[in-house]
Amino acid sequence: MEKYVYLFHEGNGDKKELLGGKGANLAEMTRIGLPVPYGFTISTQACNAYYDSGKKIPALVEAQALEALSRLEEKMGKRLGDAQNPLLVSVRSGSVFSMPGMMDTVLNLGMNDETVVGMAKLTNNPRFAYDSYRRFIQMFSNVVLDIDTYYFEQFLEEVREHKGYSSDPEMSAEDWQEVIVGYKSIVKKHTRKEFPQDPKEQLFLAINAVFDSWNNQRAIVYRRLNKIPDHLGTAVNIQSMVFGNMGNDSGTGVAFTRNPSTGEHVLYGEYLINAQGEDVVAGIRTPQPIATLKDEMPEVYQQFTETCKRLEQHYQEMQDIEFTVERGKLFILQTRNGKRTAQAAIRIAVEMVAEGIIDKKTALLRVDPDQLNQLLHRRIDDKYQRTLLAKGLPASPGAATGQVVFDADEAEQLGNEGKKVILVRPETTPDDIHGIVASQAILTSRGGMTSHAAVVARGMGKACICGCEPLKIDLKAKQFTVGETVVKYRETITIDGSTGEIMLGEIPMIDPELSDEFQLLLAWADQERKIGVRANADNPEDAQKAFDFGAGGIGLCRTEHMFMDLKRIPIVQKMILAENYAERMEALDELLPMQQGDFEGIFEAMQGHPVTIRLLDPPLHEFLPDKEELLVEVTKLQILNPGSTELKEKELLLKKVRQLDEFNPMLGHRGCRLGMIFPEIYDMQAKAIFYAAAKLADKGMEVKPEIMIPLVGHVNELKEMRQLVVDAGVRIQEETGKQFDYTVGTMIEIPRAALTADQIAEEADFFSFGTNDLTQTTFGYSRDDAEGKFLQAYIEHKVLPDNPFAVLDQDGVGKLVEMGVKLGRGTKPTLKTGICGEHGGEKSSIDFCYRTGLDYVSCSPYRVPLARLAAAQATIRHENKEEVYTTA
Ligand code: ADP
Ligand code: MG
Ligand code: MG
C-alpha cells in the first residue's frame with residue numbers, strides 16, 4: 001500500500017522530494033530533538049495523486065490523513081473540534097524548492113463558534129481566543145474560499161474607526177466578537193454559504209486549496225522564472241499551533257544565522273512581541289531587530305542563539321529560521337537554507353571554509369555562477385557627493401536608477417518597453433512578482449529586512465530599500481512625498497540598496513571591483529578547473545578588462561568592430577566602393593596601420609596569452625548606409641538639387657548598396673567567402689596582425705596570435721585562406737627580420753564543417769565552435785527573426801526548453817560540437833578546441849563543454865568570473881558524478 005502521510009518523526013531531512021523542503025526540515029528538526037510543534041506531512045506524491053484523480057483527494061490519502069490526525073490528537077492530548085480542549089493546527093504548503101510567498105498558510109484551523117469558547121476558558125484569555133478566531137476566518141476565507149482580504153480589512157477599519165481606536169491592540173474580546181459576526185456575514189455574502197464550522201471539513205478544504213495553489217498563477221510564474229519542473233507537486237504540513245499572540249511574554253520572528261545581504265557572521269533577524277505568524281513578514285508593523293530580544297527575553301534569546309548555531313552546524317549551511325515564543329517558551333517552526341545575495345554567498349562560503357565547517361570544493365559549489373552578475377554591476381561613484389532625499393533599510397545591495405512607478409502592472413508594461421523603472425510600494429505581495437521582475441529596484445515605505453520585497457529582491461539580485469517611513473506614498477495621485485519634496489510618476493530617482501539611501505535624478509556610477517573573498521574563491525576555482533576560460537574582446541580596453549577578470553586569453557577578437565569605428569567607416573566605404581584593385585588597395589593601405597595599432601594594444605593587454613583574431617566576417621553591406629534611407633535621400637536630391645556632386649556621390653553609393661543587397665545576408669557573401677573573392681582584405685588583416693607581432697617581438701614581448709578564418713564549410717576554403725595567411729607571414733618575417741609564432745585555425749559554425757571536421761582538421765591548428773551561428777544554421781533560424789517573432793512562444797509552450805541562443809542546445813547543436821571535436825582530434829590529436837559563442841558564459845553550456853573535452857570556453861569580459869566558477873563546478877561535479885546543480 002502506498003504511503004502518502006508521514007508523522008514528523010517518521011521523516012528526515014533527506015526526504016525533500018517526498019515531503020517538500022519544509023516538511024523534510026520539520027522532520028529533521030524533530031529528529032535531532034529541537035522544540036518543533038508536532039504534526040504530519042501529506043506527501044508531494046499525494047499532490048500528484050490529487051491531480052491524477054481529477055483534482056480530488058483520493059480515499060487512501062484521506063484515510064491516512066485522518067489516521068495521522070488521531071495520532072497527533074493522542075500526542076497532544078487535544079482533539080480537533082473538541083469544545084473543551086480543542087486542537088488547533090496550521091496547514092502549510094511546502095514544495096521541494098522553497099518558493100517564497102508562493103503558497104499561503106492557514107493558521108488556527110479548528111476554530112469555530114464552540115471551540116472559541118473552549119479556548120477562551122482554557123487560556124483564561126477571551127480576547128486572545130476571539131482574536132485568533134477572527135484571524136482564522138480572514139485567512140481561511142482568503143486562502144481557501146478565495147474572498148479578497150480587502151473586504152475584511154475594510155470592515156475591521158470601520159469597526160476600529162467607529163470605536164475611536166487607532167490600532168488593533170485596543171480591541172477588546174467583545175470588539176473581536178463583533179468583528180467575527182461581521183466577518184461571517186461577509187463570507188455568507190460572497191459564498192452564499194455559512195462559514196464552515198466542522199473542523200474536519202475545514203481541514204480537507206484547506207488541503208485541497210494547498211494542492212490547487214500548486215497551479216495558481218504566481219506559482220506558475222515563479223516556477224518558470226526559476227526553471228522548477230511542474231511535476232514536482234507540493235506537500236502539505238499539518239502542525240499543531242503555538243501562539244505568539246498570547247501576551248507580552250509571547251512573540252514571533254524570523255532570523256538568518258548570518259547576514260544574508262553582506263554575509264557577515266552575525267545573527268540577523270526581526271521579531272514582533274504579541275504577534276502571530278505572518279505579522280513579521282507582512283510588513284504591516286515594522287518589527288524590532290533580533291538584538292533587542294536579548295534584553296527583552298534573555299533566556300529565550302540564549303536558547304535561540306544556541307539553536308541557530310546548532311542548526312547551522314547540522315546543515316553546514318546558513319539557515320533561515322522561523323520561531324515563535326509562547327508564554328516564554330521557544331518553538332522552531334521552520335528552517336531552510338537561507339537565500340542570500342551573491343556578496344553574502346561568497347563571504348559565507350569562504351568563511352565557512354576558514355571555520356572548518358565545509359571544504360573548498362563544497363564552498364565552490366555553494367555559489368551560483370548566475371548570481372555573480374550582481375557583483376559585476378556598476379555602483380555609485382565614491383567621489384560623488386550624495387544629497388539624500390530619504391533613507392530606509394538597506395535590504396538588498398546594488399545601485400539603480402529608474403523612473404518611479406507605483407503599480408506592478410505598470411512596472412511590467414514600461415519594463416517591457418525597455419524603460420528602466422523602480423517600483424515604489426507601501427509593501428509588496430506575491431501578486432507583485434511580475435512588476436518586481438520588470439523593475440531595476442524596489443522601494444517600500446513599510447516592512448523590514450525580511451519583508452516580502454526584501455526577500456524577493458535579494459533572491460533576484462535587485463537593489464531594494466524597505467521600511468522607508470519618511471516616504472509618504474499616494475497611490476491614487478501616483479506620487480510620493482518626503483517632507484516638502486514631491487516625486488511624481490515617472491520621475492527619475494537613484495537608490496543605493498547597500499546603504500538604504502534614496503536620491504533624486506540620475507547619479508554617476510563606476511565599474512565594479514572584485515572583493516578579496518571573491519578573488520580567493522576564484523583562485524580556488526582556478527586550482528580546481530580543468531578547462532580554460534578566455535574572453536571575447538575586440539579592443540584594448542575590453543582586453544584589459546578581461547585580463548583583470550582573470551581571462552587566460554582572448555577566444556574571439558572580431559575585427560569588424562574595428563572597421564565600424566566612426567573615423568574609419570569612410571575609409572572602409574572607400575574600400576567597398578572601389579571600382580578596381582588599385583583603388584581598393586589604396587583604402588586598405590590606410591586601414592592597415594589602424595588595425596595594426598589595435599592589435600598591438602590587445603597583445604600588450606594580454607601579456608603573452610593567446611589571442612584569437614577572426615578575420616572579417618559580416619557582409620560588406622553592413623558598412624554602408626541603409627538602402628531605404630539612401631533611396632529617400634537620392635530622391636529628395638533629384639528634386640531639390642539635380643546635378644549636384646552630392647547627388648552623384650549618393651547615386652554611386654546607392655548603386656553599390658543595390659549590388660551588395662542580399663535576400664538572406666546571414667547565408668550570403670560573408671565570412672571566408674569575402675576573403676575568397678577579395679583576398680586583399682584578408683591579406684591586409686593578416687599583415688596588420690604580423691606587423692603588430694613583429695613590433696612587440698622587437699620590444700621583447702611574447703605574442704601568441706591565433707588567426708581564425710570564419711564560416712568555413714569546405715576544407716578547400718580553409719586551405720586557400722590558410723595559404724594566404726602563411727604567405728603574408730613569410731613576407732612580413734622577411735621584411736621585418738623578426739620571428740614570431742602564430743597558428744591558423746577556423747571557426748566551426750556551419751554544420752558541414754562539423755560533419756567534415758576530419759578533413760578540415762588537416763588545415764587547422766585549432767577549432768573554435770562559433771555556437772551563435774552554429775545554432776542559427778543548425779536550427780535554420782535567423783536569430784533576429786526568431787527572437788523577435790516566435791521563439792518566445794516556443795519557450796512558453798515548451799516546444800523548446802530554453803532559448804537555444806542563450807543555453808546551448810546540447811541534443812542538436814551540441815551533437816555537432818561533439819562530432820567536430822571527435823573527428824578533428826582523430827585527424828590531429830593536438831588540435832586545440834574552444835567555444836566562442838555566447839554560450840561560453842552560461843553555466844550549463846560550460847558544463848557541456850567540459851564534458852565534451854574542449855580546451856577552453858570564451859565569453860564576454862564581464863562573464864569571465866562566472867565562467868571560472870562554473871568551470872570549477874563542472875570539474876568538481878563530474879569527479880563526484882553528481883549531475884544536478886545546487887540552488888543556493
Ligand atoms: P511561508 O512558507 O509563507 O513562510 P509558513 O508555513 O512558514 O509559510 O507559515 C506562515 C507563518 O505562520 C510563519 O510565520 C510561520 O512561522 C507561522 N506558522 C506556521 N505554522 C505555525 C504553527 N503551527 N504555529 C504557529 N505559527 C505557525
Ligand atoms: Mg515560513
Ligand atoms: Mg559566425
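Just follow the structure's listing: the first ligand is 1, and inside any ligand the first atom is 1.
Cation-pi geometry between K55 and Y51 is not met: the NZ or CZ atom fails to fall both under 6.0 Å from the ring centre and inside 45° of the normal. Relative to the ring axis of F204, K200 does not place its NZ or CZ within 45° and under 6.0 Å from the centre.
Contacts between T105 and ligand 1, counted as non-hydrogen atom pairs separated by less than 4.0 Å, involve the side chain only. By the criterion of a heavy-atom distance under 4.0 Å, the side chain of L107, and not its backbone, is placed next to ligand 1. Using a 4.0 Å cut-off between heavy atoms, K22 contacts ligand 1 through its side chain alone, with no backbone atom that close.
Counted by atom type alone, Y38 and Q239 present zero donor-acceptor pairs between their side chains at under 3.5 Å.
Around atom 20 (N) of ligand 1, the closest heavy atom drawn from S90, G39, S93, S95 belongs to S90. Within the set M241, E322, H452, the minimum heavy-atom distance to atom 4 (O) of ligand 1 is found for E322.
Within the 3.5 Å criterion, the main-chain N or O of E312 finds no donor-acceptor partner in the side chain of Q319. Not one N or O on the side chain of T335 forms a donor-acceptor pair closer than 3.5 Å with the backbone of L311.
Among the heteroatoms counted here (N, O or S) of E322, OE2 is the one nearest to the Mg ion (ligand 2).
Taking only nitrogen or oxygen atoms, main chain and side chain alike, T324 does not reach within less than 3.5 Å of ligand 1. At least one N or O atom of S240 sits closer than 3.5 Å to an N or O atom of ligand 1. Between L333 and ligand 1, no N or O atom pair is found at a separation short of 3.5 Å.
Atom CD of Q84 sits in a sparse spot, with 12 or fewer heavy atoms from other residues, nucleotides or ligands closer than 6.0 Å. The number of heavy atoms from other shown groups lying within 6.0 Å of CG (D295) is above 12.
A heavy-atom separation below 4.0 Å is not found between T252 and ligand 1.
In summary, no N, O or S atom of T105 is located under 2.8 Å from the Mg ion (ligand 2).
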